[in-house]
Amino acid sequence: MGNAEDEVADLCRDLIRIDTSNPTSDERKAAEYVAEKLEDVGVEATLLESAPGRASVIARIPGADPARASDALLLHSHLDVVPADPSEWAVHPFSGEITDDGYLWGRGAIDMKDTVAVHLAAARQFARTGERPARDLVLAFLADEEAGGVHGSRWLAEEHRDLFEGVTEAIGEGGGFSYPLDAARRLYPIENAQRGQAWLRLVARGRAGHGSSPNDRNAVTALADTLSRIGHHTFPVHLIGAVRGLLETVADLRGVPFDPGDVEGSVDRMGADVRDLVEVVLRNSANPTMMEAGYQINVIPGQATAGVDGRFLPGQEEAFLAEVDALLAPGVSREFIHRDIAMETPYEGRLVDAMGAALRAEDPDGYPAPYCNPGGTDAKAFSRLGIRCYGFKALKMPHDLDYSRLFHGVDERVPVDGLAFGVRVMDRLLKSC
């Protein structure tokens, strides 16, 4: 049966071979696999479906300290993945192939069947050895994260809140991956904040007419003007605590001054690689992504629509929406397609200290720092239950492999020794936090 380090790559490989592309496949087979692996070592697993095939698994492992039963830790990871076109990949995305250079290939290798495998291996290790984590663990292997968690975390938080009784803190995705600082040192951004989501539908209404005639109320023109303004607009810098903490850490490690009154200049002094990491979380953003108008070339339509992907930093939702509204041309209105919260959790306390200590114990050249996720994860649903949420994968990557470009990208892969590293870090963490 082996230990956690020995089996984590096999667990991840097996999971990758189960196609859980969202929305073209469901998670049921992967959920059954996880439940079977838990029950195989005596961990009771509850499989729940929010809709046919949309399955999640919940399990609970008692901690060593009964007094902390009301201070449980949630470990959550998701079973679904984004689609992948095999014709674009060097290795088939659902093969789970391990190549001679020590990489495990496939869709989900870093988003996030790697973490599913690490959590599963850690749980099985506790069950096999009889050891206990420092406090109660609730493990959640979730459906539908890639589409907002409607059939996974959000449904569980709303319909099965009792499963999270006593949970005070949570660890999921969004941080804890290595980021090269120089030839020897690595930064490990630990997510304690997320931008919010405001996916908008813009509707331009005008006067329909013949394509050959002048029209000063052309809905297509009004929409195009609006999208051009939004697409070229630069939102102002807004420095939240998580981003400031990361920049202060990097500035100290690189020996350059950090001036919160001149964030752009400070980032420039730190280097282009740091700008790549933080550019997206220095400000709110809005990007036009879709347009639809008309049905015939010689007809001016009375209405035109577009989609805009809007993201806002914690505390910035109202200011963001007001700024977008100021960019709308006359006759253009907005409505929400999807709206979700921004969040920020204090970067302090026993769990934060334990994450940092576990990383440094396994990687003395690694440096933890707070981090704001530019997107969103299942943490949003759990934060609504009053749970303090962090993102921490404990994944060590080679310096020449760009983690961020593999996320939802072609040729996604993870180093097998990176999975073993995650198991060691997670074992230290769960026994000490």
Side-chain angles (χ1 to χ4, degrees), residues 1-21 25 27-45 47 55-57 59 61 75-81 84 86 89-131 133 137 139-143 171 173 176-177 362 393-398 401 403 406 411-430:
M1 196 175 287
N3 61 32
E5 280 190 68
D6 293 334
E7 71 173 3
V8 65
D10 288 340
L11 294 171
C12 188
R13 178 204 60 197
D14 291 348
L15 287 160
I16 286 171
R17 289 175 175 173
I18 304 171
D19 183 355
T20 53
S21 300
S25 303
E27 299 87 357
R28 176 84 196 199
K29 288 183 180 179
E32 289 173 344
Y33 174 87
V34 168
E36 178 184 335
K37 289 296 181 181
L38 290 171
E39 291 173 347
D40 180 54
V41 291
V43 177
E44 182 179 352
L47 190 150
S56 300
V57 177
I61 297 176
L75 294 183
H76 62 93
S77 53
H78 62 84
L79 300 169
D80 63 321
V81 297
W89 286 55
V91 174
H92 195 285
F94 300 106
S95 67
E97 181 179 339
I98 297 177
T99 50
D100 291 341
D101 55 358
Y103 286 98
L104 171 57
W105 290 65
R107 177 60 85 215
I110 62 169
D111 184 20
M112 65 175 307
K113 290 179 176 178
D114 59 330
T115 309
V116 172
V118 168
H119 291 180
L120 185 55
R124 284 167 56 84
Q125 182 85 337
F126 281 125
R128 282 195 300 260
T129 63
E131 290 186 281
L137 290 182
L139 296 110
F141 304 92
L142 302 164
I171 292 174
E173 68 175 325
F177 53 89
E362 293 296 332
K393 289 172 66 74
L395 178 62
K396 184 179 178 182
M397 299 284 281
L401 191 64
Y403 173 87
L406 293 177
D411 292 341
E412 184 180 350
R413 58 199 185 275
V414 65
V416 171
D417 59 5
L419 295 173
F421 174 84
V423 166
R424 295 194 301 273
V425 172
M426 198 59 64
D427 182 68
R428 286 181 181 274
L429 170 63
L430 298 179

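Throughout, numbering of the chain's residues begins at 1 and tracks the sequence. What you are looking at is a predicted structure, and each value in this text was computed from that prediction instead of being measured.
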Determine the minimum heavy-atom distance between [X] and [Y], stating which atoms define it.
X: Ala143; Y: Asp80; answer: C-OD1, 4.1 Å
X: Gly106; Y: Ile16; answer: CA-CG2, 3.8 Å
X: Ala4; Y: Ala121; answer: CB-O, 3.7 Å
X: Ala55; Y: Ala31; answer: CB-CB, 3.7 Å
X: Lys396; Y: Pro415; answer: O-CG, 3.8 Å
X: Asp111; Y: Val81; answer: O-CG1, 3.8 Å

Working to the nearest 0.5 Å, report the span between [atom1] of [X] and [atom2] of [Y].
X: Ile61; Y: Glu131; atom1: CD1; atom2: CD; result: 12.0 Å
X: Phe126; Y: Leu139; atom1: CZ; atom2: CG; result: 9.5 Å
X: Met426; Y: Lys393; atom1: CE; atom2: NZ; result: 9.5 Å
X: Thr115; Y: His78; atom1: OG1; atom2: NE2; result: 8.0 Å

Are [X] and [Y] side-chain neighbours, meaning at least one heavy-atom pair lies under 4.5 Å?
X: Asp411; Y: Val91; value: no
X: Glu5; Y: Arg424; value: yes
X: Ile171; Y: Leu429; value: yes
X: Arg413; Y: Leu401; value: yes
X: Arg17; Y: Phe94; value: no
X: Gln125; Y: Val423; value: no
X: Thr20; Y: Lys113; value: yes

* Do other residues, nucleotides or ligands put more than 12 heavy atoms under 6.0 Å from the CD atom of Glu39? ->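 Yes, the 6.0 Å shell around CD holds more than 12 heavy atoms from other groups.
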* **Worked verdict on Tyr33 versus Leu11 for side-chain contact (heavy atoms from CB on, under 4.5 Å)** => CA-CA 10 Å; Tyr33 174 87; Leu11 294 171; 3.4 Å; yes
* Give me the one residue out of Leu79, Leu15, Leu47 that meets side-chain contact (heavy atoms from CB on, under 4.5 Å) with Phe141. => Leu79
Is the side chain of [X] donor-acceptor paired with the backbone N or O of [Y] at a distance under 3.5 Å, no angle test?
X: Glu27; Y: Leu142; result: no
X: Arg124; Y: Lys37; result: yes
X: Glu173; Y: Met112; result: no

* Check whether the side chains of Thr99 and Trp105 place a donor and an acceptor atom closer than 3.5 Å, and report yes or no. => yes
* Derivation of the side-chain contact (heavy atoms from CB on, under 4.5 Å) call for Leu75 and Leu430 -> CA-CA 10 Å; Leu75 294 183; Leu430 298 179; 4.0 Å; yes
* **Lys/Arg-Asp/Glu bridge criterion (N-O < 4.0 Å) met for Asp10, Arg13** => yes
* **Results of side-chain contact (heavy atoms from CB on, under 4.5 Å) for Val414 - residues two or more places apart only** => Leu104, Ala109, Ile110, Leu395, Leu419
